[in-house]
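Every heavy atom of this structure was used, including side-chain atoms; hydrogens, water molecules and symmetry mates were not. Order of appearance sets the numbers: ligands from 1, and atoms from 1 within every ligand. Residue numbers run from 1 in the order of the sequence given.
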Amino acid sequence: MVLCAVRQQLLSSSSGCAAWTRLLQRQSRGCVYSSIHGFNQEEIKEKLQAFPGGSIDLLKQESGVAVLTINNPSRMNAFSGSMMVDLEERVSQLESWTDGKGLIVQGAAGTFCSGSDLNAVRAISNPQDGMKMCMFMQNTLTRLLRLPLISVALVEGRALGGGAELLTACDFRLVAPGCVIQFVHKHMGLVPGWGGAARLVHIVGSCQALKLLSGALKVEPELGLQIGLADGLLEAPQVEEGAGSLQQQAENWLSRFTKGPAPVIRAVKKVVLSGRELPLSEALRTEKDVFGTVWGGPANLQALASRSKHK
Ligand SMILES: CCCC(=O)SCCNC(=O)CCNC(=O)[C@H](O)C(C)(C)COP(=O)(O)OP(=O)(O)OC[C@H]1O[C@@H](n2cnc3c(N)ncnc32)[C@H](O)[C@@H]1OP(=O)(O)O
């Protein structure tokens with residue numbers, strides 16, 4: 001059933017019929033947990049809204065690259081309950097952004113994210129509420145990773161606990177000088193619960209993941225690059241905004257992967273996603289279906305007409 005939902009999500013944005021697309025998107029929402037797992041999204045949203053503070057800001061740019069900003073600087077961009085709800089809503093907006101190609105996830109004011117807001121954590125420390133928050137965040141971060149956009153986390157300052165988990169829900173990670181990624185969960189008497197452990201194993205392998213989690217190791221840029229948690233090192237920014245800023249450097253880095261027509265870039269992400277998540281025969285069938293959406297399409301016909309050479 002879960003695999004079915006993944007496949008439907010992969011295909012949904014290429015369907016010509018808007019109603020069918022909406023239906024598929026609705027089905028795929030919360031594809032890890034739904035009512036059959038005792039998960040009631042509206043109930044948990046209401047509970048989370050009782051812990052306000054900060055925001056998750058989304059800027060969709062004409063270039064097809066959106067910027068998602070974790071914004072709660074007075075708490076080092078910790079996730080309040082209302083920010084968890086905000087994030088789910090921003091992911092929904094990105095799911096229906098059919099012109100999108102890329103996404104940058106960053107923190108406000110020079111740091112990435114210090115994890116869950118510890119005030120909210122203390123208030124919902126009973127197991128039932130903890131489970132609900134965990135399922136809610138797993139659903140949201142799974143949907144974030146499955147967006148048909150090429151996503152990159154721009155990691156500056158600290159990425160702790162849930163903040164470290166968040167950056168594993170992007171396709172790539174770019175690190176700024178001096179940043180620290182740390183799965184501090186062990187020090188909190190916890191393990192990751194937002195899907196960060198499962199994704200970390202996929203990114204760095206089980207040996208390195210075990211070291212990072214059991215040692216609560218501080219990952220600085222050099223170690224991040226060495227173990228494959230980081231995909232690139234940014235230069236110290238000359239200015240806060242504009243040319244030379246970290247965001248501009250991240251956009252430049254991403255541009256080589258998002259260059260080209262949106263349907264082709266989105267199709268690339270879909271076939272990689274299906275290869276990553278589905279059993280081989282299912283992934284092959286999905287690849288065939290996605291191939292069918294670009295074969296004979298405008299970009300394909302234009303390339304054939306221009307008799308392009310790949311020197
Ligand atoms: C499944 C999810 C698991 C989780 O995410 S559990 C949460 C894991 N995160 C943490 O434990 C982070 C705890 N915070 C820290 O270690 C330090 O604050 C940190 C981030 C290294 C920054 O240290 P400093 O630069 O010295 O700054 P500071 O401590 O004075 O912090 C500035 C203000 O931010 C607040 N803050 C930082 N992280 C927070 C958090 N996660 N929840 C709630 N508030 C948080 C901190 O309390 C301080 O506030 P205030 O100025 O004292 O009012």
Closest protein heavy atom (residue, atom, distance) for [atom]:
atom                    : value
atom 36 (N) of ligand 1 : Arg75 O, 3.8 Å
atom 16 (O) of ligand 1 : Leu160 CD1, 4.0 Å
atom 13 (C) of ligand 1 : Leu118 CD1, 3.9 Å
atom 27 (O) of ligand 1 : Met76 SD, 4.4 Å
atom 10 (C) of ligand 1 : Ser114 O, 3.7 Å

Within 4.0 Å of [atom] (strictly less), any protein heavy atom?
atom                    : value
atom 24 (P) of ligand 1 : no
atom 42 (N) of ligand 1 : yes
atom 46 (C) of ligand 1 : no
atom 51 (O) of ligand 1 : no
atom 30 (O) of ligand 1 : no
atom 5 (O) of ligand 1  : yes
atom 34 (O) of ligand 1 : yes

Item checked: Donor-acceptor contact below 3.5 Å, side chain Lys45 vs main chain Met84 ->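 Flag not set: sc Lys45 to bb Met84 has no pair under 3.5 Å.
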
Regarding [X] and [Y], is there a side-chain donor-to-acceptor distance under 3.5 Å anywhere?
X      : Y      : result
Asp57  : Ser55  : yes
Gln226 : Glu222 : no
Asn72  : Asn77  : no
Glu88  : Thr140 : no

Polar contact flag for [X] and ligand 1 (N/O pairs, less than 3.5 Å):
X      : result
Ser74  : yes
Ser116 : yes
Gly161 : no
Val184 : no
Trp194 : no

Next item on the list: Take Glu287 and Lys270 through the test salt bridge (charged side-chain N to carboxylate O under 4.0 Å, His left out) and record every step on the way to the result.
Entry: CA-CA 8 Å; Glu287 186 171 310; Lys270 288 173 189 175; over 6 Å; no

Notebook entry, point to check: Any chance CD of Glu46 has more than 12 other-residue heavy atoms, nucleotides or ligands included, within less than 6.0 Å?
Noted result: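 Check fails, neighbour count at 12 or below.
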
Margin query: Could you work out, for atom 21 (C) of ligand 1, the closest of Met137, Arg158, Arg122 by heavy-atom distance?
Written below: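 Comparing heavy atoms across Met137, Arg158, Arg122, the nearest one to atom 21 (C) of ligand 1 lies in Arg158.
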
Notebook entry, point to check: Given Gly157, Ala78, Ser80, which has its nearest heavy atom closest to atom 40 (C) of ligand 1?
Noted result: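 Going through Gly157, Ala78, Ser80 one by one, Ala78 has the nearest heavy atom to atom 40 (C) of ligand 1.
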
Next item on the list: Kindly write out the residues that satisfy ring-ring contact (aromatic ring centres under 6.0 Å, His included) with Phe79, not counting sequence neighbours, or none if the list is empty.
Entry: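 Only Trp194 meet the ring-ring contact (aromatic ring centres under 6.0 Å, His included) criterion with Phe79.
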
Next item on the list: Determine, for Lys269 against Asp171, whether the closest basic-nitrogen to carboxylate-oxygen distance falls under 4.0 angstrom.
Entry: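 A salt bridge is present here (some side-chain N lies under 4.0 Å from a carboxylate O).
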
Checklist line | ligand 1 contact on Pro192 by region, counting heavy-atom pairs under 4.0 Å | finding: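 Neither part.
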
So if I count the atoms of ligand 1 from 1 in the order they appear, which ones are less than 4.0 Å from some heavy atom of [X]?
X      : result
Gly115 : 5 (O)
Met188 : 11 (O)
Glu165 : 1 (C)

Next item on the list: Give me the one residue out of Arg266, Arg143, Arg90 that meets salt bridge (charged side-chain N to carboxylate O under 4.0 Å, His left out) with Glu95.
Entry: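 Result: among Arg266, Arg143, Arg90, Arg143 is the only option passing the salt bridge (charged side-chain N to carboxylate O under 4.0 Å, His left out) with Glu95.
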
Next item on the list: Find out whether Val155 and Leu174 are in side-chain contact, i.e. whether some heavy atom of one side chain is under 4.5 Å from a heavy atom of the other.
Entry: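 Side-chain contact under 4.5 Å: no.
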
Item checked: Ala169 to Ser151 - nearest heavy-atom pair and separation ->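 Minimum heavy-atom separation between Ala169 and Ser151: O-OG, 4.4 Å.
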
Check: Does Phe257 have its ring centroid less than 6.0 Å away from the ring centroid of Phe172?
Finding: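 Phe257 vs Phe172: aromatic centres under 6.0 Å.
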
